[in-house]
There are 2 protein chains.
Amino acid sequence: METTVELLKEHSLKVTPQRLKIIAMLEKHGHLTIDELYRLMLQEFPNVSLATIYKNINQMAETRLIQEVKIPGGKSVYEIVKEPHLHMVCDRCHKVEDIIIGTDKIIKEAETASGYQIQESFITLRGICPDCQKG
Amino acid sequence: METTVELLKEHSLKVTPQRLKIIAMLEKHGHLTIDELYRLMLQEFPNVSLATIYKNINQMAETRLIQEVKIPGGKSVYEIVKEPHLHMVCDRCHKVEDIIIGTDKIIKEAETASGYQIQESFITLRGICPDCQKG
DNA sequence: TCACTAAAAGATAAATTTTTTCCTTAAATT
DNA sequence: AATTTAAGGAAAAAATTTATCTTTTAGTGA
């Protein structure tokens with residue numbers, strides 16, 4: 001398993017406590033908005049500047065350590081880049097989850113229908129999560 | 001074929017020249033950003049306020065006459081609500097296109113994998129359009 | 001380990017984007 | 001046509017994001 005320090009170094013980013021914390025938060029929570037990152041960060045670094053969050057998020061996104069996920073009808077969340085996956089958003093509790101299923105078929109079909117050479121897919125599905133179906 | 005006037009009335013929105021123009025622009029161009037809508041609008045209504053664009057876009061989105069499409073790595077565009085479809089974004093010329101292909105399979109698969117009751121899908125694919133493949 | 005260099009953090013300001021307010025104007029209803 | 005209600009325009013305010021400047025810190029190599 002790769003350490004967070006290694007992850008930063010591989011992306012040519014200096015290892016700072018703030019960056020380690022951002023990654024730790026994303027690893028723990030999966031998906032966080034800028035605002036959520038800032039609030040959580042303040043608990044451990046009371047003097048952190050919001051600019052530090054923005055600068056780091058932008059740098060990590062440029063180096064593709066993390067990735068922005070635009071949420072329909074909501075604020076963008078950020079996640080650590082892993083294998084390609086879909087996003088599920090719950091209408092009730094608004095949580096965002098990853099699911100990993102094959103996208104080859106729909107991409108092939110879209111390539112045929114459109115003539116595009118497709119490089120990447122962004123798929124987000126909105127609905128009711130299993131927890132909220134019960135409650 | 002439904003008229004623009006009827007479209008507005010069905011959504012309980014007053015028929016104003018500005019709204020008719022917004023819809024006409026979206027019907028002509030397919031997908032436009034706030035900024036593009038504002039610039040085009042200024043040509044016909046030199047005194048139009050940017051707030052008018054925002055207020056109308058938000059109202060039309062609430063009544064689901066139009067819909068926001070969040071573009072990965074770009075600004076949101078708006079389109080008139082039609083039948084469900086996918087979006088293709090060209091990496092080179094940055095145009096946004098609709099393609100209509102079945103999404104039942106991937107939605108079924110995602111429902112099985114996640115346990116969600118899926119209500120709506122947002123699928124955007126990034127790649128090179130046929131025109132840019134030639135040029 | 002200690003300096004040196006380059007980059008990051010924090011604070012603040014600036015720029016950008018979006019929303020709100022207030023007043024005037026226009027559309028819908030009777 | 002008169003009344004009611006909502007929309008438009010202008011401006012301010014709020015919210016979000018980026019840039020600037022100075023101080024601090026991490027990485028590098030002697």
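Letters go in sequence order (proteins before strands), and every chain restarts at 1. Given the structure is predicted, the values throughout are model-derived calculations rather than measurements.
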I'd like to know if the side chain of B:His31 and the backbone of B:Val96 have a donor-acceptor N/O pair within less than 3.5 Å.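 At least one qualifying donor-acceptor pair exists.
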Looking at B:Lys14 and D:dT5, is any side-chain donor or acceptor paired with a base atom of the opposite kind under 3.5 Å?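 Result: at least one qualifying N/O pair found.
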So which of residues 53-69 of chain B are in contact with DNA chain C, with a heavy-atom cut-off of under 4.0 Å? B:Tyr54, B:Lys55, B:Asn58
For the pair made of [atom1] in [X] and [atom2] in [N], what is the distance, rounded to whole Å?
X       : N      : atom1 : atom2 : answer
A:Arg19 : C:dA7  : CZ    : C1'   : 8 Å
A:Ile34 : D:dT17 : CD1   : P     : 7 Å
B:Met41 : D:dG9  : CE    : P     : 8 Å
B:Leu42 : D:dG9  : CG    : C1'   : 12 Å

For [N], does either OP1 or OP2 sit under 4.0 Å from a side-chain N or O belonging to [X]?
X       : N      : answer
B:Thr16 : C:dA26 : no
B:Thr52 : D:dG9  : yes
B:Gln18 : D:dG9  : yes
B:Ser49 : D:dA11 : no

Let me see the working for A:Arg19 and A:Val15 under side chain to side chain contact (heavy atoms under 4.5 Å, CB included), right down to the final yes or no. CA-CA 7 Å; A:Arg19 285 178 176 162; A:Val15 179; over 6 Å; no
Considering non-hydrogen atoms only, spot the tightest contact between B:Ser76 and B:Glu68 and give its length.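 Of all heavy-atom pairs spanning B:Ser76 and B:Glu68, the closest is OG-OE2, 2.6 Å.
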Say whether A:Glu36 and A:His29, considering side chains only, have a donor N or O and an acceptor N or O under 3.5 Å apart.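 On atom types as modelled, these side chains do not qualify, holding no pair under 3.5 Å.
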Heavy-atom count check: over 12 atoms from other residues, nucleotides or ligands less than 6.0 Å from B:Lys95 NZ? yes
